[in-house]
Amino acid sequence: QVYLVESGGGSVQSGGSLRLTCSISTSEPKKYSLAWFRQGTGLEREGVAAIDSDGRTFYRDSVKGRFTISKNSAHTTLYVEMANLQPEDSDTYYCAAAPPWSVLPNRFLDKTQYIWWGQGTQVTVSS
């Protein structure tokens with residue numbers, strides 16, 4: 001079982017920055033693949049960034065060069081640093097975890113690969 005709690009959302013102006021944090025509670029957290037997803041009202045949940053147990057990172061094209069995913073050294077906190085935010089980045093952001101070594105190749109941004117989810121944190125970017 002994995003428990004995830006997000007924080008750090010808020011409102012910023014276009015071009016601003018935010019850092020989201022996800023607290024991870026589980027045994028052996030290093031083994032899990034982790035990701036950030038976002039979802040707008042009435043829209044599909046989409047993968048934003050992911051990090052596997054070896055530390056490899058994956059990003060959707062629209063956030064490459066602006067978002068950075070990372071973990072603390074104890075693997076108990078997941079971050080995403082978001083820079084140059086745009087109004088289209090406004091969504092509810094969720095962190096997610098997948099069982100150890102279960103994510104299929106090239107599927108790290110696929111929501112169907114993840115089992116455990118946080119409650120979400122809202123990001124609003126105004127123009």
Side-chain angles (χ1 to χ4, degrees):
Q1 185 67 26
V2 182
Y3 299 94
L4 305 169
V5 179
E6 303 96 334
S7 61
S11 298
V12 296
Q13 291 192 326
S14 180
S17 300
L18 279 175
R19 185 177 78 164
L20 304 184
T21 299
C22 177
S23 175
I24 304 161
S25 297
T26 189
S27 59
E28 300 185 274
K30 183 182 187 300
K31 294 183 178 180
Y32 293 82
S33 293
L34 303 167
W36 287 98
F37 287 77
R38 65 188 182 188
Q39 186 173 20
T41 303
L43 301 176
E44 288 289 318
R45 190 167 296 189
E46 61 183 25
V48 174
I51 185 167
D52 70 7
S53 58
D54 293 323
R56 293 178 300 175
T57 57
F58 309 86
Y59 297 94
R60 73 180 298 109
D61 287 346
S62 63
V63 306
K64 285 180 180 177
R66 300 190 298 124
F67 289 17
T68 304
I69 190 171
S70 63
K71 295 187 291 184
N72 67 345
S73 58
H75 307 278
T76 57
T77 306
L78 179 70
Y79 305 101
V80 63
E81 298 273 0
M82 305 185 295
N84 191 22
L85 284 162
Q86 301 301 314
E88 54 265 34
D89 295 315
S90 297
D91 270 327
T92 301
Y93 283 71
Y94 301 87
C95 66
W101 307 293
S102 67
V103 179
L104 298 174
N106 301 317
R107 299 279 294 275
F108 283 89
L109 298 180
D110 182 347
K111 62 182 183 293
T112 66
Q113 303 293 296
Y114 295 84
I115 294 177
W116 299 284
W117 296 86
Q119 82 288 351
T121 187
Q122 181 66 38
V123 172
T124 302
V125 185
S126 58
S127 58

J.: Check side chain to side chain contact (heavy atoms under 4.5 Å, CB included) between Thr76 and all other residues, then give those that pass, not counting sequence neighbours.
T.: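 Result, side chain to side chain contact (heavy atoms under 4.5 Å, CB included) vs Thr76: Pro29, Asn72, Ala74.
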
J.: Does Arg38 reach the side chain of Thr92, with side-chain heavy atoms less than 4.5 Å apart?
T.: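 No. Closest side-chain heavy atoms not under 4.5 Å.
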
J.: Count I, L, V, M, F, W, Y as connected when their side-chain heavy atoms are under 4.5 Å apart, and connections chain through other members. Are Tyr79 and Tyr114 then in the same cluster?
T.: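 Not linked; separate clusters.
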
J.: Applying disulfide bond (SG atoms under 2.5 Å apart), which residue pairs with at least one partner in residues 98-127 are found, sequence neighbours left out?
T.: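 For residues 98-127, and leaving out neighbouring residues, there are no disulfide bond (SG atoms under 2.5 Å apart) pairs at all.
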
J.: Hey, are the side chains of Gln39 and Asp91 touching, using non-hydrogen atoms and a 4.5 Å cut-off?
T.: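 They are not in side-chain contact.
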
J.: Between Ala98 and Ser102, what is the shortest heavy-atom contact and its length?
T.: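 Result for this residue pair: CB-OG, 3.9 Å.
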
J.: What residues form a side chain to side chain contact (heavy atoms under 4.5 Å, CB included) with Ser7, not counting sequence neighbours?
T.: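 Applying side chain to side chain contact (heavy atoms under 4.5 Å, CB included) to Ser7 gives Thr21.
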
J.: Who clusters with Tyr3? Use side-chain heavy atoms, under 4.5 angstrom, across I, L, V, M, F, W and Y, and order the result by chain and number.
T.: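 When side chains under 4.5 Å apart are linked, Tyr3 ends up in no cluster with other residues.
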
J.: Go through the structure and list residues passing side chain to side chain contact (heavy atoms under 4.5 Å, CB included) with Thr41, not counting sequence neighbours.
T.: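 Partners of Thr41 under the side chain to side chain contact (heavy atoms under 4.5 Å, CB included) test: none.
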
J.: Quick one: disulfide bond (SG atoms under 2.5 Å apart) pairs with a partner in residues 47-92, sequence neighbours left out?
T.: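 Disulfide bond (SG atoms under 2.5 Å apart) check on residues 47-92 returns no pairs.
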
J.: Under a plain distance cut-off of 3.5 Å, with no hydrogens placed, do Gln86 and Ser14 share a side-chain donor-acceptor pair?
T.: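 Distance-only check passes for Ser14 and Gln86.
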
J.: Between the side chains of Lys111 and Glu46, is the shortest nitrogen-to-carboxylate-oxygen separation below 4.0 Å, so that they form an ion pair?
T.: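 Salt bridge absent between Glu46 and Lys111.
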
J.: Just jot down the side chain to side chain contact (heavy atoms under 4.5 Å, CB included) partners of Gln119, sequence neighbours excluded, or say none.
T.: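 Once residues adjacent in sequence are excluded, the partners of Gln119 under the side chain to side chain contact (heavy atoms under 4.5 Å, CB included) criterion are Val5, Glu6.
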
J.: At what distance, to the nearest 0.5 angstrom, does OG1 of Thr124 lie from CD of Gln13?
T.: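 If I round to the nearest 0.5 Å, the distance is 12.5 Å.
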
J.: Starting from Phe67, walk the hydrophobic network (Ile, Leu, Val, Met, Phe, Trp, Tyr; side-chain heavy atoms closer than 4.5 Å) and list everyone else you reach, by chain and number.
T.: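 Joined to Phe67, directly or through intermediates: Val2, Leu4, Val12, Leu18, Leu20, Ile24, Tyr32, Leu34, Trp36, Val48, Ile51, Tyr59, Val63, Ile69, Leu78, Val80, Met82, Leu85, Tyr93, Ile115, Trp116, Val123, Val125.
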
J.: Restricting to pairs with a member in residues 62-127, which pass disulfide bond (SG atoms under 2.5 Å apart), not counting sequence neighbours?
T.: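 Every pair satisfying disulfide bond (SG atoms under 2.5 Å apart) with a residue in residues 62-127: Cys22-Cys95.
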
J.: Any donor and acceptor pair, going by atom type alone, linking the side chain of Asp52 with main-chain N or O of Asp54 inside 3.5 Å?
T.: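 Yes, Asp52 side chain to Asp54 backbone: donor-acceptor pair under 3.5 Å.
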
J.: Holding to salt bridge (Lys or Arg N to Asp or Glu O under 4.0 Å), I want the full list of residues that pass it with Asp61, two or more places apart in sequence or in another chain.
T.: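 Asp61: salt bridge (Lys or Arg N to Asp or Glu O under 4.0 Å) contacts with Lys64.
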
J.: Rounded to the nearest 0.5 Å, what separation is found between the OH atom of Tyr94 and the CH2 atom of Trp117?
T.: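 Taking OH in Tyr94 and CH2 in Trp117, the distance rounds to 9.0 Å.
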
J.: So how far is it from Ser11 OG to Gln122 CD, rounded to the nearest 0.5 Å?
T.: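 Rounded to the nearest 0.5 Å, the OG-CD separation comes to 8.0 Å.
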
J.: Does anything in residues 71-85 form a salt bridge (charged side-chain N to carboxylate O under 4.0 Å, His left out)? List the pairs, not counting sequence neighbours.
T.: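 Qualifying pairs: Arg19-Glu81.
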
J.: Out of curiosity, Trp101 CH2 to Ser53 OG, how far, rounded to the nearest 0.5 Å?
T.: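 OG of Ser53 is found 6.0 Å from CH2 of Trp101.
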
J.: Not counting sequence neighbours, which residues clear side chain to side chain donor-acceptor pair (under 3.5 Å) with Gln1? List them please.
T.: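 Here no residue qualifies.
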
